[in-house]
Each structure stands twice: as structure tokens, then as C-alpha cells.
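Source: prediction; values computed, not measured. Every number for a ligand or one of its atoms is a count from 1 in the order of the listing.
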Amino acid sequence: MHNYNILLEADKMPDAWYNIMPDMPTPMAPPLHPGTKQPVSPDDLAVLFPPELIEQEASMQPHISIPGDIMDAYRLWRPTPLRRAFRLEKALGTPAKIFYKNESVSPSGSHKLNTSVAQAYYNKIAGINELTTETGAGQWGTALSIACSMFQMKCTVYMVRVSFDQKPYRRGLMQTYGAQVVSSPSNTTDFGKKILSEMPDTTGSLGIAISEAIEVAAKSGGRIKYSLGSVLNHVLLHQTIIGQEAQLQMEKAEAYPDIVIGCVGGGSNFAGLAFPFVHDKLKKGKNVRFIAVEPSACPTMTRGAYAYDFGDTAGMTPLLMQYTLGHDFMPPGIHAGGLRYHGVATQVAHLIREGVVHPVAVHQNPVFKANLLFSQCEGIIPAPESGHAVKVAIDEALKCKEAGQEKTILFNLSGHGHFDMTAYDAFLRGNLEDYELDESVLAQGIASIPKIDA
Ligand SMILES: *Cc1c(COP(=O)(O)O)cnc(C)c1O
């Protein structure tokens with residue numbers, strides 16, 4: 001009898017997040033103030049974030065305990081199942097063991113609720129009743145909408161125009177949870193108006209939407225705070241519940257991963273699964289290979305520059321050391337909207353730099369092909385973003401087949417694709433294009449990276 005689902009008892013759910021900061025092999029470059037170019041102080045961040053999140057952003061404590069109200073919210077869908085993909089293994093004829101953490105079971109359909117619940121909570125206890133944010137594909141906006149509804153807060157979501165127009169059901173979902181959704185660029189902010197006057201036909205971008213959401217919070221006189229769904233240290237921290245659960249579940253399955261794989265937009269679901277295992281590698285000598293997968297159409301980690309850059313288009317965020325395609329970079333309209341970001345989390349970038357994490361880029365047609373096979377074997381339709389991890393997990397399993405190796409592969413199924421069926425439809429009709437960005441396009445984006453003497 002196959003034990004497909006390796007479940008963790010409710011009372012075994014970890015009650016602290018894992019903080020990778022003290023385990024980093026070398027010191028990290030600090031975030032810089034966008035104006036002075038000096039390291040940011042907690043005061044600089046206080047306009048946007050509540051005190052506890054600012055503290056977590058720079059914390060050197062190895063573990064940060066999860067408050068009871070967040071644990072209680074997590075229990076709505078956590079612990080999530082770890083699944084052994086026996087059927088996929090059989091279809092591939094591979095001797096490899098494939099496991100995946102199924103984060104698609106959350107009410108928002110992705111891992112993002114792990115941090116939105118935490119962020120809403122810390123804002124609420126700081127007396128804040130309203131949050132703004134941006135969303136690309138709609139996953140983050142949905143997750144924050146749900147979290148705000150749980151803690152009786154108002155939520156305004158700046159949604160990248162192309163998604164606003166192409167994903168009416170995502171928009172409806174956020175509105176159902178009580179959020180206000182604004183197409184970005186919009187005429188509700190100064191920056192939005194500026195972009196609209198310069199480029200009235202723009203499809204928008206995550207960078208522009210972030211600028212708009214930040215502007216609203218920054219000009220609210222402390223009443224409204226801003227919330228970000230990826231990239232920042234505290235976001236990655238909240239996601240480590242994924243990997244910590246996975247560690248306990250792998251133990252139950254009497255297995256340990258040789259390879260850990262996640263897709264990367266800003267880096268949070270990858271980090272969430274991988275970081276607790278990175279601890280095992282750095283501190284316990286475990287031999288694990290970490291693969292971070294991005295789309296070839298937005299090749300931040302594989303073709304970007306390692307440099308300080310802004311997180312948004314207007315240049316209002318702190319400067320973060322990262323791999324970046326430049327904050328002006330406009331990625332082509334691929335269907336994995338959650339992976340269309342010009343930068344990547346500082347912590348993930350640092351581990352790539354240290355040779356701990358290995359980035360790879362894949363095209364969207366092979367991703368969807370892998371997603372079809374996965375769907376037909378495992379019954380779950382992956383989000384196009386998650387499909388990047390599925391594709392590389394399959395590639396690794398096929399390498400094992402060729403070499404006759406029985407490796408153990410673990411990947412993160414960051415979300416399901418029920419709201420992405422337009423993308424599947426485009427693939428099934430043969431209408432998806434694979435973009436190979438030429439150097440001149442990349443060079444243009446990279447030219448927008450600020451020159452910092454660090
Ligand atoms: C947002 C999203 C991603 C990309 O964001 P990360 O911060 O890199 O995890 C990946 N998968 C899904 C399903 C998403 O919603």
C-alpha cells in the first residue's frame with residue numbers, strides 16, 4: 001500500500017519560525033536608505049511597517065516564536081500535506097523518490113497566506129486598521145485580503161493592469177474578501193498619474209504597483225501601513241514554517257532530500273521550504289543541493305547583475321543587495337505572473353553568491369508540458385509559477401533515471417492553478433510563446449541600476 005500523504009499531527013506544527021540570519025556563512029550587505037545611501041535605521045522603516053516586523057527584518061535570533069493568534073489562524077489549513085509523488089515517479093520510470101510540499105491547500109490557494117496572516121496580525125496589534133499592497137498575478141492580493149478580513153482590517157490592493165484586465169476572477173476573489181482593488185497604474189497616486197501621462201498604454205508592472213501602494217502608506221500620516229508579499233527578510237522568515245514541517249514529515253517518511261527545489265519570484269516560497277534544510281547543510285554537514293528556478297523571460301538570478309537596487313520602479317524602497325535586472329525592467333507578459341519581478345530576496349541572492357543555492361531558468365512551454373503530466377498523475381493542477389519547480393523536479397528525476405541513481409527530490413508546490421486556466425488554455429491551443437531575451441533588452445534594464453559605492 002502506498003502512503004501518498006505524509007501528514008503531520010496538528011499538535012506537531014512548529015511554533016517558531018527559523019531565522020537564517022545567524023547561520024549565514026558571511027555577513028550580509030545591509031539595506032541602504034534610498035536618499036542618503038547609508039544603512040537604513042529602524043526609524044526609516046517605521047513609516048511603512050509595524051515595530052515587530054521591523055525587528056524581525058534585522059533579527060539575529062535563531063528562532064522567533066509564533067504568537068498564539070497566528071498559530072490559531074495557521075491551523076485553518078496547516079500543517080499542509082507532504083506528498084510522495086509515486087504516480088509521477090512511475091510515469092517517469094525513475095528510481096528517484098519525489099516528494100512535494102502541498103501549499104496549494106491554503107484558503108488562498110498558495111503559500112502566501114503564511115506571511116499575510118502574520119503581517120496583518122503584527123499591524124493589528126500595533127493599532128493599524130488599514131493596509132495597502134500590490135499584486136501581480138493576484139495571489140498576494142488574495143492572501144492579504146483574507147488575512148485582513150480575519151483581523152477586521154481594511155485592505156487596498158494595487159493590481160498590475162495586465163492582471164486586472166486578464167484575471168477578473170482573481171479580482172472578484174479579493175473583493176469577496178472585502179478588499180478594494182485598484183488597477184495600476186492608477187490616478188489615485190502621484191506616481192500612478194505620472195506613469196499614465198508618460199505611458200498611457202502600459203500593461204503596468206509589479207514595480208509600479210509597489211510604488212503606488214508605498215506612496216499611499218507614506219502619505220497617510222501613520223494611519224495606513226504597507227505590506228509586501230515576498231523579498232523581505234521577515235516574509236521569508238514567516239515562510240519557514242513550510243520547511244520545518246517538511247523536515248518532520250521527511251523524517252516520518254524515513255527519507256531525507258538530496259535535492260530541494262523551489263520556483264523563485266521574490267524568493268519566499270523557495271526560502272520557506274529550503275532554508276531549514278540550508279541550516280542542515282551549513283550547520284550539520286548534510287549534503288543537499290538547492291535549486292532555485294526562474295522563468296527565462298525574467299532571468300533575474302541567471303542573467304541579472306549582483307548589485308544594490310530598489311524594489312520598486314519609483315525608487316522609494318530601501319536599496320537592497322540582490323540579483324537584479326534593473327528596477328525599470330519590464331518583463332514580457334508570461335503567464336507565471338508571480339515570477340515577473342526584476343529582483344530577488346537579499347537572503348536568497350547571498351546564498352547564490354556563496355554557492356549554496358544554484359539558480360536555473362526554464363521556458364514556459366516546457367513548464368506547462370510538465371504541469372500537464374503532473375496534473376494527470378497527481379490530480380493537482382499546479383500554478384504556472386509552481387510549474388517551474390515541477391519542471392525541474394521532473395528533469396532531475398529523469399537524470400536519475402539515466403544515471404540509475406535513487407536520489408530523493410523534494411520540491412515546493414507553492415500553489416494551485418485554478419485561477420490560471422486561461423494560461424493553460426493558451427498552452428493547450430499552442431499559443432504560448434517562449435521569450436529569449438536578447439542582451440540589448442537586458443542591458444537597458446541593467447542601466448537603471450543605481451551606482452552605489454559600497
Ligand atoms: C507569488 C507566488 C510565487 C512567487 O513568489 P515567491 O515569493 O518567489 O514565492 C510562486 N508561486 C506561487 C503560487 C505564488 O503565488
Checklist entry - With sequence neighbours left out, which residue pairs that include part of residues 292-312 fulfil the salt bridge (charged side-chain N to carboxylate O under 4.0 Å, His left out) condition? => result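 Checked against salt bridge (charged side-chain N to carboxylate O under 4.0 Å, His left out) - neighbours excluded - the pairs reaching residues 292-312 are R303-E436, R303-E439.
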Number the atoms of ligand 1 from 1 as they appear, then name those within less than 4.0 Å of a heavy atom of [X], with their elements.
X	answer
S230	6 (P), 7 (O)
G415	13 (C)
L339	4 (C)
C263	10 (C), 11 (N)
V264	8 (O)

So, regarding [X] and ligand 1 (criterion: nitrogen or oxygen to nitrogen or oxygen, under 3.5 Å), is there a contact or not?
X	result
F270	no
K112	yes
G265	yes
S386	no

Item to check | Beyond-backbone contact of F368 with L428, side-chain heavy atoms, under 4.5 angstrom | outcome: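 The answer is no; the side chains never approach within 4.5 Å.
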Item to check | Close side-chain approach of V293 to V264, heavy-atom, < 4.5 Å | outcome: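 Contact flag for V293/V264 side chains = no.
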Next on the checklist: Going by the rule salt bridge (Lys or Arg N to Asp or Glu O under 4.0 Å), which residues pair with K101 if we only count those two or more places apart in sequence or in a different chain?
Outcome noted: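 For K101, the residues satisfying salt bridge (Lys or Arg N to Asp or Glu O under 4.0 Å) (neighbours in sequence not counted) are E245.
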Checklist entry - Does K286 make a cation-pi contact with F277 (under 6.0 Å, within 45 degrees of the axis)? => result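 No.
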Next on the checklist: So which atom in G229 and which in K112 form the shortest heavy-atom distance, rounded to 0.1 Å?
Outcome noted: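 It is O-CE, 4.4 Å.
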Checklist entry - Just checking, is any N or O donor in the side chain of T188 or S186 under 3.5 Å from an acceptor N or O on the other one? => result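 Side chains of T188 and S186: pair found under 3.5 Å.
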Checklist entry - What residue and heavy atom of the protein are closest to atom 4 (C) of ligand 1, and at what distance? => result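 Going by distance alone, atom 4 (C) of ligand 1 is nearest to G338 O, 3.5 Å.
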Item to check | Closest protein heavy atom to atom 13 (C) of ligand 1, given as residue, atom name and distance to 0.1 Å | outcome: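 Answer, as residue, atom name and distance: S414 OG, 3.3 Å.
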Checklist entry - What do the steps show when you test T115 against Q119 for side-chain hydrogen bond (donor to acceptor under 3.5 Å, both in side chains), and what is the final call? => result CA-CA 6 Å; T115 185; Q119 294 190 45; 3.0 Å; yes
Next on the checklist: Any atom of ligand 1 sitting under 4.0 Å from a heavy atom of H111?
Outcome noted: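 Under 4.0 Å: yes for H111.
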